[in-house]
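All values below were derived from every heavy atom in this structure, side-chain atoms included, with hydrogens, water molecules and symmetry-related copies excluded. Per chain, numbering begins at 1; letters A, B, ... match sequence-line order.
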Number of protein chains: 2
Amino acid sequence: MSQNITVLDVAREAGVSASTVSRYLTGVTSVSKIKQEAIARAIELLDFTPNVLAQSLKSGSTKTIGIVTQALESPFFGEELKGVEQAIAGTGYALLIVSGHWQAREEKDHAELLIARRVDGIIIFTSTASDKQIQSLSRQVPMVVTGRRMDMPRAVGLAVDNEQAAFEATQYLLEQGHRRIAHISGRVGQPDTEARLQGYKRALKTAGIKPDAKLIAGGDFSEAGGMLAINQLLEARGSFTAIFAANDQSALGARLGLYRRGIRVPEDLSLIGFDDLLLANYMLPPLTTIRQPTFELGKLAGQTLLNMLAGKTETVVQPQFELVVRESVRRA
Amino acid sequence: MSQNITVLDVAREAGVSASTVSRYLTGVTSVSKIKQEAIARAIELLDFTPNVLAQSLKSGSTKTIGIVTQALESPFFGEELKGVEQAIAGTGYALLIVSGHWQAREEKDHAELLIARRVDGIIIFTSTASDKQIQSLSRQVPMVVTGRRMDMPRAVGLAVDNEQAAFEATQYLLEQGHRRIAHISGRVGQPDTEARLQGYKRALKTAGIKPDAKLIAGGDFSEAGGMLAINQLLEARGSFTAIFAANDQSALGARLGLYRRGIRVPEDLSLIGFDDLLLANYMLPPLTTIRQPTFELGKLAGQTLLNMLAGKTETVVQPQFELVVRESVRRA
DNA sequence: TCCGAAACTGAAAACGCTTTCATGAAATCG
DNA sequence: CGATTTCATGAAAGCGTTTTCAGTTTCGGA
């Protein structure tokens, strides 16, 4: 374990001053050929790496982006994370990642922790905070949030049009002749949960069908929640021929609940999800779902933040959803 | 956007010296009641947060743990990540996360990037590097790797006994009367892939069965790989009544491949996985598998590293696997 | 041959904190 | 009551960089 070697050691070894070494490193001013070589040799010899902390202290920028996710183990957020990772690849930025565990309080505390660590910007996946709170945080550091739309100088929100997407999912079921359509909703209080519920209702109303409270079960975006919702739905004894689940994970849970009761998909019941996780492809049968470009969403979030940090003010493009027809829906 | 307020501003406001403010913050020496209050008031008034960079520069410790995962979107690594997160919760440490994308080269580069950022320690999930390389890195910073076993002062490896686990998985199939058992292997070159393959073979040999190359298909721990492996297995025209997949994700892919061909599980074919991901529970039918305590593995990795950083040298306890019987295996 | 511009360089200050070091005041002790 | 600890504090040094500032050379042009 060599002690820390500094720019001063290099300078001594190369027979120049520390300033010159620094200039060599940053490349901001020209350094004579002969000294360049001496410095390069010294760096090589001493195996010197500049201390990023000192650099950051001086420059004020840590080249670090803070990420607040809600669940580190979630395949959905994982995909978003991967998108951000790709966006920042090769830029010298790194990711400091924390989880809010779907708790507004924890999300806020952890975001502030990121700020205390002087991250250059923050991305929040599906924030549980209000627009106001996000705006308030954005006074300290530029922010990007996913799962809702928003467009302010220092705080932008990126999301598909959840309401419209849910509308089209429900409408697709209606087009297939379903009239009694149940909904497994998302985590209560989240804007996207609410938007999807509204889209579902609007589609029904547009088709002249009155939404039935017995056909709406509370979920929480999790597999277990989806399974519980099936119980709730069946116990309420409202008959239905199709289910629109607020996300694929709920759909997966629901699928098991149905399997347990011997209800076949799609022969007895049609099922449609939301997100298009990788696993939607591997469900039995493969799940028809609304594709949310999750990876691209993360990538877009990363790029948008990078732009903000670079002072570029390009207009944000919002991601688009898409219906992916597989095999879990059948004509009624 | 207030300019940076420093300990000196606080000192001025409170009518004390910067040293005293620092002492108040660190609590290392006693400060008189009266000044404590004055400082507290000043901090409140100015909304002061100490600059972590300056602290780190001084102390040499960043209170940051670097994590190298192989795939940010993986449910397996996600669960491990969650474990680490829990282990460090409340300790003041934060996580700098990078991905090696299963590339030895990239893993090494990114690990060095973490070192350059002066992380206090590194955890690698399922490292693609050799023991030697890990040992070499550990000279610069304490390391914990998962997915293999290892016990050195500054580098410890944490894993279930993969060979024995695979042995028992295969043996379970044998006990159920299966004689022709196929194997979908993991990513080539990984130590755990190799260990699981060896355990599979040993179980067969112990039962007096000669391993058959036609019954071993190459996978890569992914869903797509599992599906491809099914094609490979069926095209090789070796008959078999059960499959041992190197992980649950492969099993999920295999399950879809079988579904496509109208092969029922477990009626026509038994299937056993490895890991016990959440989704194993939600497969149709729920998957019998070897449970690897993934979350605990991450947690253990976090705790072990924390111990190393604190200079405690407790003997490492290795995690244990367990057979979880669900519904994907039937007597032959 | 002289002059201003350009190229190159070192000393020193600054980033914001912690930690000796030194010192005066207060508390303890025989 | 005088001598010794202990307590509380400020000044200053230091963590490892980058960035003025202030030259010194070097060079092209007149």
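Distance B:L53 CG to C:dC17 C1': 11 Å, rounded to the nearest Å. Remark: P of D:dC15 and CG of B:N51 are 18 Å apart, rounded to the nearest angstrom. One atom, CZ of A:R12, and another, C1' of D:dT17, lie 15 Å apart when rounded to the nearest Å. Atoms CZ (B:R23) and P (D:dA12) sit 14 Å apart, rounded to a whole Å. Distance, A:L8 CG to C:dA11 C1': 12 Å, rounded to whole Å. Across the protein-nucleic acid pair, B:R117 atom CZ and D:dT17 atom C1' stand 16 Å apart, rounded to whole Å. One can place CD of A:Q36 at 9 Å from P of C:dC8, the figure rounded to the nearest angstrom. What separates CG of A:D9 from C1' of D:dG16 is a distance of 10 Å, to the nearest Å.
Side-chain atoms of A:K58 stay outside donor-acceptor range of the base of D:dT17, with no qualifying N/O pair under 3.5 Å. You won't find any donor-acceptor pair under 3.5 Å spanning the side chain of B:R118 and the base of D:dG16, going by distance alone. No hydrogens or angles were tested; on distance alone, a donor-acceptor pair under 3.5 Å links the side chain of A:S19 to the base of C:dA11.
Closest to the side chain of A:Q55, out of C:dG10, D:dG10, D:dT18, is D:dT18. Considering only side-chain atoms of A:K35, the nucleotide from C:dT9, D:dT18, C:dT18 that sits closest is C:dT9. Distance from the side chain of A:L57 is smallest to D:dG16 among C:dC17, D:dG16, D:dT18. When the nucleotides D:dA8, D:dG16, C:dT19 are ranked by their closest atom to the side chain of B:S32, D:dA8 comes out on top.
A:F125 pairs in a side chain to side chain contact (heavy atoms under 4.5 Å, CB included) with only one of the listed residues (A:L297, A:V145, A:L81), which is A:L81.
In this structure, B:S17 reaches the D:dG10 phosphate: one of its side-chain N or O atoms is under 4.0 Å from OP1 or OP2. Taking side-chain N and O atoms only, A:N4 has a distance below 4.0 Å to OP1 or OP2 of D:dG16. For A:T6 and D:dC15, the shortest distance from a side-chain N or O to OP1 or OP2 is not below 4.0 Å. Phosphate proximity of C:dC8 to A:S30: present, with a side-chain N or O under 4.0 Å from OP1 or OP2.
Distance check, rounded to the nearest 0.5 Å: CG of A:L300 to CG of A:L158 gives 4.5 Å. Here the straight-line distance linking atom CG of B:L57 with atom CG of A:L57 works out to 6.0 Å at 0.5 Å rounding.
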| task | Could you check B:R187 against B:T128 for side chain to side chain donor-acceptor pair (under 3.5 Å), going step by step and ending with a plain yes or no? | result | CA-CA 10 Å; B:R187 185 171 285 263; B:T128 60; over 6 Å; no
| query | Run the side-chain contact (heavy atoms from CB on, under 4.5 Å) check on B:R117 and B:T64 step by step: do they pass? | reply | CA-CA 9 Å; B:R117 281 186 175 252; B:T64 304; over 6 Å; no
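Both B:I34 and A:A54 sit near DNA chain D, but only B:I34 has its closest nucleotide nearer the 5' end. Mapped onto DNA chain D by nearest heavy atom, B:G15 and A:T49 fall at different nucleotides, with B:G15 at the one closer to the 5' end.
Across all strands shown, B:T20 has heavy atoms under 4.0 Å from sugar-phosphate atoms exclusively, and none from any base. Within the nucleic acid shown, B:F48 comes within 4.0 Å of sugar-phosphate atoms alone, with no base atom in reach, counting heavy atoms only. Within 4.0 Å (heavy atoms only), A:T26 reaches sugar-phosphate atoms of the nucleic acid but no base atom. Residue A:V16 is classed as a sugar-phosphate contact, given heavy-atom separations below 4.0 Å to backbone atoms only. Residue contacts for B:V52: at a heavy-atom cut-off of 4.0 Å it reaches no nucleic acid atom on any strand shown. If you check every strand for non-hydrogen atoms under 4.0 Å, B:S22 touches a base. Nucleic acid contact class of B:V31 (heavy atoms, under 4.0 Å, all strands): sugar-phosphate only.
Taking the six-membered ring for Trp and thresholds of 30 and 60 degrees, B:H110 and B:H101 have ring planes more than 60 degrees apart, a perpendicular arrangement.
For the pair B:K33 and B:E37, the salt-bridge criterion is not met [side-chain N within less than 4.0 Å of a carboxylate O].
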